[in-house]
Enquirer: 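Here's a structure for you.
In the text below, chain A, chain B and the rest are named by the order of the sequence lines, each starting its count at 1.
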Protein chains: 2
Amino acid sequence: MTRLLVVEDDAALGRALAIILRAHRYDVAVSTTGTDALQKAAAWHPEVVILDLGLPDIDGMEVLAGIRGWSQIPVLVLSARQNSEDKVYALDAGADDYVAKPFAMDELLARLRVVTRRRETTPEDPVVQTAAFTVDLPRRKVTRDGAEVRLTPTEWRLLEILARHAGKVVGRTELLRELRGPNLAHETHYLRVYLAQLRAKLEPDPAAPRHLITEPGVGYRLEP
Amino acid sequence: MTRLLVVEDDAALGRALAIILRAHRYDVAVSTTGTDALQKAAAWHPEVVILDLGLPDIDGMEVLAGIRGWSQIPVLVLSARQNSEDKVYALDAGADDYVAKPFAMDELLARLRVVTRRRETTPEDPVVQTAAFTVDLPRRKVTRDGAEVRLTPTEWRLLEILARHAGKVVGRTELLRELRGPNLAHETHYLRVYLAQLRAKLEPDPAAPRHLITEPGVGYRLEP
DNA sequence: CGCATTCCTGACGGAACCCTGACGCGAACG
DNA sequence: CGTTCGCGTCAGGGTTCCGTCAGGAATGCG
């Protein structure tokens, strides 16, 4: 769930927003003051901030500046001011969007999706580690004792599948389907050859594998 | 200068926009039809698109979909429709912002700065360095041993994409989509030729590349 | 209109890789 | 005790993939 910080001094509106946003599967926290907002932003690390500029203690623009001082998280500004001057000021100060009140809820939700969509396209980096080697899936790299290991495309795809199911057994037919398509899902010999190649490149003692383990009669398993 | 494509069927408004935007140091091209917009987007590779939804030939939403089919460049939608329904539809279809007509020019410029700002900050470091050469993305320059290296436009675009994903592998199809559009995403030979040209200009020993590395069967990678 | 640069395609050599076959070994089983 | 089955190892032919060179087409510039 996406963590979302709502900064809104109007308690009724804040509660309403929180309810609707939670219904749309956001993990919502609400601040009613600027100081609390800055504190929550630093401590809770929300992934998006909805910021109403009208706050009781400090100016909303200062809250924005305070956040931008150390973070690039998306900030969507909400304000009663409609003149373009204020919009320009907020947008140039680092806001990712500006919605004037009164606003349509579905539009706010859509604009929220826009700013969060950008983060999602940057996939997280799942890295699988074992005692002997490290598999970096997004970078498509395998390192052993700090040095990069060169793998052929097929070797990599095989290791990738095992790494995605790290710790679990992957059936032979499933592996072969991914590697060679559904028609040749019974050529188990093919797997043995490539498993041997992977072990030769990655295992300290290829004859006694500790991480690329075969489950007799079933398939193979990558043990972290 | 930031390349900016304005898609606007109203010739007078299009010209006015172009003049103002050029005064703000954008490199502007104008399309008055949807087909021309799609063609220009693929051929000219603008960095931002301003898209009016009301077009004479094809629906503006289809233009948006056409661009989103192969590129993630920011698209700022301009429309006379004010109801939130249309806004939600466009935003969810991949638009980065939605400005309703009539609009204040300074607000449009501010929102333009927002979407371009994001592009500039996406790479962690806008300057990618290797042991042999330096790629300065904002200045569009490559230096090697202190001297600037002259690159052709295509060579630069290729290097730019690799630099944006520095350290990570970029798939062949992704590279070709960015370079030549979605239809020719299988001409891998084209990539080999240009990679060779880049290596000849940048690598100390082009026969044994250390930074412009090929990942067999997958794509290429720029190693810092 | 002529020149220069750049873009793109084709042909070719070489290297890397994929896949298959043959064989050895140990365990399970009758 | 012999057979069978599954697994691992080694090696080699065929093929794919990559890099290089070259040249015509297209484009931009003076």
Enquirer: Base, sugar-phosphate or nothing for Thr188(A)? Non-hydrogen atoms, less than 4.0 Å.
Expert: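 Counting heavy atoms under 4.0 Å across all strands, no contact is made by Thr188(A).
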
Enquirer: First and last nucleotide of DNA chain D in contact with chain B, 5' to 3', at under 4.0 Å to a heavy atom: what are they?
Expert: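 Here the contact window of chain B covers dC18(D) to dT20(D).
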
Enquirer: Just wondering, more than 12 heavy atoms not from Arg81(A) lying within 6.0 Å of its CZ?
Expert: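 Not buried by this count: 12 neighbours or fewer within 6.0 Å.
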
Enquirer: For Glu148(A), I'd like to know if atom CD has over 12 heavy atoms of other residues, nucleotides or ligands within 6.0 Å.
Expert: yes

Enquirer: Starting at NE2 of His186(B) and ending at C1' of dT9(C), how long is that distance when rounded to a whole Å?
Expert: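 Answer to the nearest Å: 13 Å.
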
Enquirer: So if I apply the side chain to side chain contact (heavy atoms under 4.5 Å, CB included) rule between Val48(B) and each of Leu4(B), Asp96(B), Leu21(B), which one comes out positive?
Expert: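 Among Leu4(B), Asp96(B), Leu21(B), the one that satisfies the side chain to side chain contact (heavy atoms under 4.5 Å, CB included) with Val48(B) is Leu4(B).
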
Enquirer: What is the distance, rounded to the nearest whole Å, between atom NE2 of His189(B) and atom P of dC7(C)?
Expert: 15 Å

Enquirer: May I have the distance from Glu215(B) (atom CD) to dA16(C) (atom P), rounded to whole angstrom?
Expert: 15 Å

Enquirer: Using atom types as modelled and distance alone, determine if a side-chain donor or acceptor of Arg221(B) lies under 3.5 Å from a backbone N or O of Glu215(B).
Expert: no

Enquirer: My understanding is that only one of Leu198(A), Val128(A), Thr154(A) makes a side chain to side chain contact (heavy atoms under 4.5 Å, CB included) with Leu159(A); could you say which?
Expert: Leu198(A)

Enquirer: Hey, which sits more toward the 5' end of DNA chain C by its nearest nucleotide, Tyr194(B) or Val193(A)?
Expert: Tyr194(B)

Enquirer: Given atom CD of Glu155(A) and atom C1' of dC17(C), what is their separation to the nearest angstrom?
Expert: 9 Å

Enquirer: Calculate the interatomic distance between Leu176(B) atom CG and dT9(C) atom C1'; express it in whole Å.
Expert: 14 Å

Enquirer: If you measure from the Lys or Arg side-chain nitrogens to the Asp or Glu carboxylate oxygens, is any gap between Arg180(B) and Glu187(B) under 4.0 Å?
Expert: no

Enquirer: Under a 4.0 Å threshold between the charged nitrogen and the carboxylate oxygen, would Arg140(B) count as salt-bridged to Glu47(B)?
Expert: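 Between Arg140(B) and Glu47(B) there is a salt bridge, with a charged N closer than 4.0 Å to a carboxylate O.
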
Enquirer: Using modelled atom types only, decide if a donor and an acceptor are shared between the side chain of Thr143(A) and the backbone of Gly146(A) within a distance under 3.5 Å.
Expert: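 Flag not set: sc Thr143(A) to bb Gly146(A) has no pair under 3.5 Å.
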
Enquirer: For dT9(C) and Arg180(B) - does any side-chain N or O of the residue sit under 4.0 Å from the phosphate oxygens OP1/OP2?
Expert: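 Result: yes.
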
Enquirer: CH2 of Trp156(B) versus P of dC7(C): gap in Å, rounded?
Expert: 14 Å

Enquirer: What residues in residues 147-154 of chain A put a non-hydrogen atom under 4.0 Å from any atom of DNA chain C?
Expert: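 Contacts with DNA chain C under 4.0 Å: Arg150(A), Thr152(A), Pro153(A), Thr154(A).
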
Enquirer: For the pair made of CZ in Arg192(A) and P in dG21(C), what is the distance, rounded to whole Å?
Expert: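 About 13 Å, once rounded to whole Å.
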
Enquirer: Can you tell me how far C1' of dC18(C) sits from CG of Leu198(A), to the nearest Å?
Expert: 14 Å

Enquirer: So does Lys141(B) have more than 12 non-hydrogen atoms from other groups sitting under 6.0 Å from NZ?
Expert: no

